[in-house]
Amino acid sequence: MNADGRTRLNQTPEWTALAKHREELADARLRELFAADPARGTGYTLRVGDLYIDYSKHLVTDETLRLLRELAAATDVFGLRDAMFRGEKINVTENRAVLHTALRAPRDAVIEVDGENVVPAVHAVLDKMSDFAGRVRSGAWTGHTGRRIRNVVNIGIGGSDLGPAMAYEVLRSFTDRDLTVRFVSNVDGADLHEATRDLDPAETLFIIASKTFTTIETITNATSARKWLLAALADEKAVARHFVALSTNTEKVSEFGIDPDNMFEFWDWVGGRYSYDSAIGLSLMIAIGPDRFREMLDGFRLIDDHFRTAPAESNAPLLLGLLGIWYGNFHDAQSHAVLPYSHYLSRFTAYLQQLDMESNGKYVARDGKRVDWQTGPVVWGTPGTNGQHAYYQLIHQGTKLIPADFIGFAEPVAELSGELKAQHDLLMANFFAQTQALAFGKTADEVRAEGVPEELVPHKTFQGDRPTTTILARELTPSVLGQLVALYEHKVFVQGAVWNIDSFDQWGVELGKVLAKRVEPALTEGAEVPGLDASTKALVAEYRKLRGR
Ligand code: F6P
């Protein structure tokens, strides 16, 4: 029993029942599961909003799903969900509410934090963003010299970069093609250099995105960007026309020299990795326009409502979260691949890496004790079909079980025409072929029947039983993007709730930040850093030698 009155997860009867069930299912083969149930291909599916979700190619039976739902009930996933939507402070280690769902709540909703309805403030910021984005897009907001803004550079890192950068790529075909929009995150000066080297400062707007406005990478890049601007425009007043801030920290924004009127606010109850539908999405809103941005928020809301109200049997985030638990905790899977069959989703998995790995990469439970069960997986992947010619070999025939999500669209984006449009069927033929091959493989007899020499038969045989979820939508729209992101947000929530970890803090990133600050003077000035280990000391000495210091 825990201090919080909960039985340790892996000592609950529901966990034990799943472990036993896993042994019973040890020999289950997808070929047999499909043969036994001709309706499986349509029965193990869900339709939520614009998403068609097929989970038939998983190593599960009705009994597996029932037992997983019992685990969710025993760990009160829906209780924690309701507490989150109500604005309770479920981020226990930071004593904060977790209310990214309020960012897409309708204008007339009432969601209270400490007795105050936060929805009017959310819409006030959205309105301010819409007004500003409209003025940049129309040319009414000009740079210091009166020239129109043609370039937008977002400077931020982690949640203040990955979300808008990902969404900008996803929705590229909805963007104003006359605007150049770039994202700078890395403190490596090469990032800012490459992003600005061909831009005209008089036509460039910098958006400094930082929840805390203390993140060293962002403040360093923002300071360099200001110097770059002032080197060309030579007037401090130019900063007000070329710099805006997205933050929760007004004081630090003013200290940096950005007028608080040019600051777009969000709040401590929005986690960085859950923030791109807040003010952090300003660069995206400028690119796609306020109406499209609001369509995206509608997509998020659709899944929020589904997650809040759908019964366990048909609740998509619950199902996807539980399937991940089935593999991570009962099949020893260490990673989870997300494989979008859309070039526009090229940054989607990178975005999900932060969402999932920063949320659920924890070995301490909410009660402060170390977990003795696996928590978040390694999330990885790149768009198909490229991955097929790189690492799919290991997914098909390697020794590791890698559950994967395949995401695809029936229609190519509207901009494509002619031959490029026609290529879409080939893309999607690969999409369907891969999940088929992964699930059902190819038996030795099938290989032999092709006349393959006996010594090659084992090499050409595919065992199959590689589990996948297929998520299919008609087309990639702003709303569909919102639906996909909310689906994953809530999936991550479900898993954190079952594992009894705080999915909304990120203490694990702090140590590296502190050590970087301590080591920097050793690099620049050769300063003695007390307590530096022998390896790092030697590396620093080698670095200084290479730099001629
Ligand atoms: O260091 C990790 C982190 O705090 C992330 O959680 C966050 O998204 C990122 O840094 C950037 O933080 P900020 O928006 O405060 O600059």
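Note that this is a predicted model, so its numbers are computed, not measured. These values consider heavy atoms only, across backbone and side chains, with no hydrogens, waters or symmetry-generated copies. Counting starts at 1 for both ligands and their atoms, following the listed order.
- Looking only at atom types and distance, the side chain of Thr204 has no donor-acceptor partner in the side chain of Arg150 under 3.5 Å away.
- Taking the centre and axis of the six-membered ring of Tyr363, the NZ or CZ atom of Arg370 falls inside the cone set by 45° and 6.0 Å.
- Heavy-atom separations between Glu510 and ligand 1 are all 4.0 Å or longer.
- Side chains of Gln483 and Asp50: a donor on one and an acceptor on the other come within 3.5 Å.
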### Task
Carefully, step by step, assess Lys362 and Asp505 under the rule salt bridge (charged side-chain N to carboxylate O under 4.0 Å, His left out).
CA-CA 9 Å; Lys362 318 269 163 81; Asp505 62 15; 2.8 Å; yes

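- Using modelled atom types, one finds a donor on one side chain and an acceptor on the other under 3.5 Å when comparing Asp372 with Asn10.
- Counting heavy atoms from C-beta outward, Lys252 and Thr214 have side chains that approach closer than 4.5 Å.
- By the criterion of a heavy-atom distance under 4.0 Å, the side chain of Val509, and not its backbone, is placed next to ligand 1.
- Listed by atom number, the atoms of ligand 1 under 4.0 Å from Lys513 heavy atoms are 1 (O), 4 (O).
- The ligand atoms of ligand 1 that sit less than 4.0 angstrom from a heavy atom of Gly159 are 7 (C), 8 (O).
- For atom 6 (O) of ligand 1, the nearest protein heavy atom (residue, atom name, distance) is Glu358 OE1, 2.8 Å.
- Of all the heavy atoms of Lys211, the ones lying under 4.0 Å from any atom of ligand 1 are found in both the backbone and the side chain.
- Interatomic distance, CD1 of Ile111 versus CZ of Arg86, reported as 12.5 Å (0.5 Å rounding).
- The closest approach between a heavy atom of Glu217 and any atom of ligand 1 is not below 4.0 Å.
- The side-chain heavy atoms of Leu318 and Val77, taken from C-beta on, include a pair separated by under 4.5 Å.
- Short contacts between ligand 1 and Gln506, defined as distances under 4.0 Å to a heavy atom of the residue, involve ligand atoms 6 (O).
- Inclusion of Thr212 in the set of residues having an N or O under 3.5 Å from an N or O of ligand 1 is warranted.
- Shown in contact with Thr215 at under 4.0 Å from a heavy atom are these atoms of ligand 1, numbered in order with element: 12 (O), 13 (P), 15 (O), 16 (O).
- Closest to atom 11 (C) of ligand 1, if we only count protein heavy atoms, is Ile157 O, 3.2 Å.
- Listed by atom number, the atoms of ligand 1 under 4.0 Å from Ser160 heavy atoms are 13 (P), 14 (O).
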